[in-house]
Amino acid sequence: MKTKFNINNLIRENIKTLKPYSSARDEYKEVSSDMVFLDANENPFQNGVNRYPDPQQNKVKTQLSKLKGIPTQNILLGNGSDEVLDLIFRAFCEPNQDNIITLPPTYGMYGVLANINAIENIEIALEHNFQPNVDSILSVANKNTKMLFLCSPNNPTANSFEAKTIENLVTNFNGLVIIDEAYIDFSEEASWLSRLDEFPNLIVTQTLSKAYGMAGIRLGVCYASAEIISILNRIKPPYNINELTQLKALKRLTNPQDVSEEINRILEQRDWLISELNKIDVVEIVYPSDANFILAKVDDASKRYSELINKGIVVRNRTNQPLCNNCLRFTVGSQMENIKLIAALKAL
Ligand SMILES: *Cc1c(COP(=O)(O)O)cnc(C)c1O
């Protein structure tokens, strides 16, 4: 039976009582040009980055808020999704005591972060159709199970989990459910952002690394209840998003039509790649894709992987992942890159 959700039952004891670091910029926030700032031991000579960045990234969050229709108090930014996920672990999982559930084959970082934080990772493999097994997940959870990670669209399988399956899990799982939507902009499925209000235990993560084309600036986004966001804010490094990243992100987020144009081109290329891959002898199965990559089963993944490397093309060999025997993962590249890939595969 699911108990009534109370975040205080999940948060680590030491985090509950933590007194956060208060930075100079936290104590005095007004930024007007005629003020004299002698509070943070900065170098006074202007070069664009001589001042500490805004620790709350208000401009970036305000723009994200407009784009996504989510209030800024429900948004936290991290140095990539990786930092966001690490903060969630450190806020809610007691080392050597708590556990999480992940659903392989999936993004490797959840397991790595569990390891780093000394948290047991209970793995419940996806079904053969790459959908979660709800009964197994709910029945393995115990009183120390703090979080369930759902990656949808999932990496490396490229499919989305069915909405009713996700709803069932968010409703009945006794802990936080983190939906990693790194690839949501390539999918026709609706984002779970619109349902954040309904579920106090739901955390949605997104990133500027994929559809937004900014893997180099490291910006991950976490959306959750104001209560969860305020807990994460208390433990985040004060200046975790640097000034260059904030400026670049703001510029990109102010031109969302450029992003959607690129997404459309990638989706066109994805369709083309899928149809071409299906014609290739060594390719046995091309799985449907809701992301900017394609998982395909070939005759001998390790052999084909090396042959492609020798032709100067690097793909991802996923053959050692559960359910991915002899599978390669192809990122959808530019038209030229995709033509080269298909020509190389044809020549094998
Ligand atoms: C690429 C990817 C991310 C992005 O991570 P960043 O640290 O934001 O670059 C997150 N989740 C999944 C499943 C990914 O494949």
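Atoms within a ligand are numbered from 1 in the order they appear, just like the ligands themselves.
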Taking only non-hydrogen atoms of Glu83, do any sit less than 4.0 angstrom from ligand 1? no
Taking salt bridge (charged side-chain N to carboxylate O under 4.0 Å, His left out) as the test, write out the residues that go with Asp86, two or more places apart. Arg90
For atom 7 (O) of ligand 1, which protein heavy atom lies nearest, and how many Å away is it? Arg218 NH2, 2.6 Å
Can you list the ligand 1 atoms lying under 4.0 Å from a non-hydrogen atom of Asn155? 15 (O)
Atom 15 (O) of ligand 1: which protein heavy atom is closest, and how many Å away? Tyr183 OH, 2.6 Å
For Leu219, run the side chain to side chain contact (heavy atoms under 4.5 Å, CB included) check against Val84, Thr207, Leu77 and tell me which one passes. Leu77
Ser81, portion touching ligand 1 at heavy-atom distance under 4.0 Å: both
Answer yes or no: does an N/O atom from Tyr110 fall short of 3.5 Å to an N/O atom of ligand 1? no
Can you see whether Tyr110 engages Asp180 through a side-chain donor-acceptor pair at a distance of less than 3.5 angstrom? yes
Could you measure the distance from the CG atom of Asn278 to the CD1 atom of Ile285? Nearest 0.5 Å is fine. 10.5 Å
List every atom of ligand 1 that sits less than 4.0 Å from any heavy atom of Asp82, numbering the atoms from 1 in the order shown and giving each element. 7 (O)
Need the ligand 1 atom indices (1-based, order shown) with element for anything under 4.0 Å from a heavy-atom of Ala182. 2 (C), 3 (C), 10 (C), 11 (N), 12 (C), 14 (C)
In Leu202, Val170, Leu148, Leu10, the residue satisfying side chain to side chain contact (heavy atoms under 4.5 Å, CB included) with Leu176 is Leu10
Any Ala215 heavy atom less than 4.0 Å to ligand 1: no
Within 4.0 Å of some non-hydrogen atom of Cys151, the atoms of ligand 1 are 13 (C)
So that I can tick it off, tell me whether Lys236 and Glu83 are bridged by a salt bridge, with the cut-off set at under 4.0 angstrom between side-chain N and carboxylate O. no
Atoms of ligand 1, numbered as shown, that sit under 4.0 Å from any heavy atom of Gly80: 7 (O), 8 (O)
Parallel, tilted or perpendicular: rings of Trp192 and Phe199 (30°, 60°): tilted
Closest non-hydrogen protein atom to atom 1 (C) of ligand 1, residue and atom name please, with distance? Lys210 NZ, 1.2 Å
Assess whether side chain to side chain donor-acceptor pair (under 3.5 Å) is satisfied between Asn326 and Arg304, documenting all intermediate values. CA-CA 9 Å; Asn326 279 324; Arg304 301 309 175 190; over 6 Å; no
Just to confirm my output: which protein heavy-atom neighbour is closest to atom 9 (O) of ligand 1, and how far is it? Ser209 OG, 2.6 Å
Can you pull the salt bridge (charged side-chain N to carboxylate O under 4.0 Å, His left out) pairs that have at least one residue in residues 254-266, sequence neighbours excluded? Arg252-Glu262
Under 4.0 Å, heavy atoms only, figure out whether ligand 1 is touched by the backbone of Asp180, its side chain, both or neither. side chain
